[in-house]
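In listed order, ligands and their atoms are each counted from 1. What you see below is based on every heavy atom in this structure, not just the backbone, and it leaves out hydrogens, waters and symmetry mates. This one's a predicted model, so the numbers in the text were calculated from it and none came from an experiment.
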Amino acid sequence: MVRKKIVAGNWKMNHTLAEGEKLTSEIVNMVADEVHNGAQVVLAVPYLHIPGTARLLKGADGIALGAQNCHEEESGAFTGEISAGMLRSAAVEYVILGHSERRAYFGEKDVLISKKVDIALKEGLIPIYCCGETLDIRDQGNHLDFVAKQISEALFHLDAKTISGIVIAYEPVWAIGTGRTASPNQAQEMHEYLRKHLAGKYGKDAADSITILYGGSCKPDNAAEIFSGPDVDGGLIGGASLKSRDFVDIIKAL
Ligand code: PGA
């Protein structure tokens, strides 16, 4: 089973529209000139950047548009919120859900995130479901079961066919924005464990078809080593996705 290889950039709350346009244009040109490994690139930009980025990505081979969140309801009186259907209508293909910053600062729990996964799928978006343990949990040695449980709670209501189309991003909280990455062995160990956990519920074929990304201080100089794990199918990149040279070098490392 050939899994999709993905490098997704998570811009978080960064860049004015002009800065975003410049970054996207640079990435589009560099990917066209330099990337030949068939990787799927995703730019998960702030909501406001979506229409402009969509225009710049028209005709850009292998680069898809992503969002960083959506609301769990289809529509209605939810002032200030953005629906999955709106995103889809704006040419968004992927949506990051359950990022650890949403969990930590906005109180998102897996019960809520599972609703977001459902509405995203219903509207035709591909969820990038984020999971990962804090340093405390890793120090206690409970990280493997903790992350497996996150996945069970948020995703195990789906059927095998549906879950096969989902992307999972393992992002140890202690590695996000800290400059401290999981070692290639730590990443592979977790990814392999999660894939076995998925296989236990859905069978090997479904588990083998799910793309599992690593995220957390991924940089051009450590990406190739992290991506070398057989169960590591690419990366979700924060800080380094804000610089075109670094981001494209990470794509090339895949
Ligand atoms: P980072 O962020 O690459 O800046 O550590 C990763 C993420 O939060 O997705």
Student: Of the backbone atoms (N, CA, C, O) and the side-chain heavy atoms from C-beta on, which set of Asn10 has a member under 4.0 Å from an atom of ligand 1: side chain, backbone, both, or neither?
Tutor: side chain
Student: List every atom of ligand 1 that sits less than 4.0 Å from any heavy atom of Gly216, numbering the atoms from 1 in the order shown and giving each element.
Tutor: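 So the answer, numbered in order with elements, is 5 (O).
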Student: Might you point out which heavy atoms bring Ile250 and Pro220 nearest each other, and give the distance in Å?
Tutor: CG1-N, 3.7 Å
Student: Could a heavy atom of His99 be found less than 4.0 Å from some atom of ligand 1?
Tutor: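 True for this residue.
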Student: CD1 of Ile82 to SG of Cys70: how many Å apart, nearest 0.5 Å?
Tutor: 10.0 Å
Student: Does a salt bridge link Arg245 with Asp249, judged by any charged N lying under 4.0 Å from a carboxylate O?
Tutor: yes
Student: If the threshold is 4.0 Å, N to carboxylate O, is there a salt bridge linking Arg88 and Glu123?
Tutor: no
Student: Testing the 3.5 Å rule here: is there a donor-acceptor pair between the side chains of His197 and Ser152?
Tutor: yes
Student: Look at atom 9 (O) of ligand 1 and say which protein heavy atom is nearest, naming residue and atom and giving the distance to 0.1 Å.
Tutor: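 Here the nearest protein heavy atom works out to Glu171 OE2, 2.7 Å.
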Student: Backbone or side chain, does any N or O of Ser217 fall under 3.5 Å from an N or O of ligand 1?
Tutor: yes
Student: Could you tell me if any non-hydrogen atom of Ala175 lies under 4.0 Å from any atom of ligand 1?
Tutor: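 A heavy atom of Ala175 does come that close to ligand 1.
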Student: Tell me yes or no: between the side chains of Trp11 and Gln68, is some donor less than 3.5 Å from an acceptor?
Tutor: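 Checked: Trp11/Gln68 side chains show no N/O donor-acceptor pair below 3.5 Å.
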Student: Regarding Arg103 and Asp110, does a basic nitrogen lie under 4.0 Å from an acidic carboxylate oxygen?
Tutor: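 Here Arg103 pairs with Asp110 in a salt bridge, since their nearest N and O are under 4.0 Å apart.
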Student: Contact between Ala240 and ligand 1, counting heavy atoms under 4.0 Å?
Tutor: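 No heavy atom of Ala240 comes that close to ligand 1.
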Student: In the protein, what heavy atom is nearest to atom 3 (O) of ligand 1, and what distance, to one decimal place, separates them?
Tutor: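 Going by distance alone, atom 3 (O) of ligand 1 is nearest to Gly238 N, 2.9 Å.
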Student: State the atoms of ligand 1, each with its element, that fall below the 4.0 Å cut-off from a heavy-atom position in Gly177.
Tutor: 1 (P), 4 (O), 5 (O)
Student: Gln188 versus Asn185: any side-chain heavy-atom pair under 4.5 Å?
Tutor: no
Student: In terms of residue, atom name and distance, what is the protein heavy atom nearest to atom 4 (O) of ligand 1?
Tutor: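 Protein heavy atom with the smallest distance to atom 4 (O) of ligand 1: Gly239 N, 2.8 Å.
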Student: Using a strict 4.0 Å cut-off to heavy atoms of Lys12, name the atoms of ligand 1 that fall inside it.
Tutor: 2 (O), 7 (C), 8 (O)
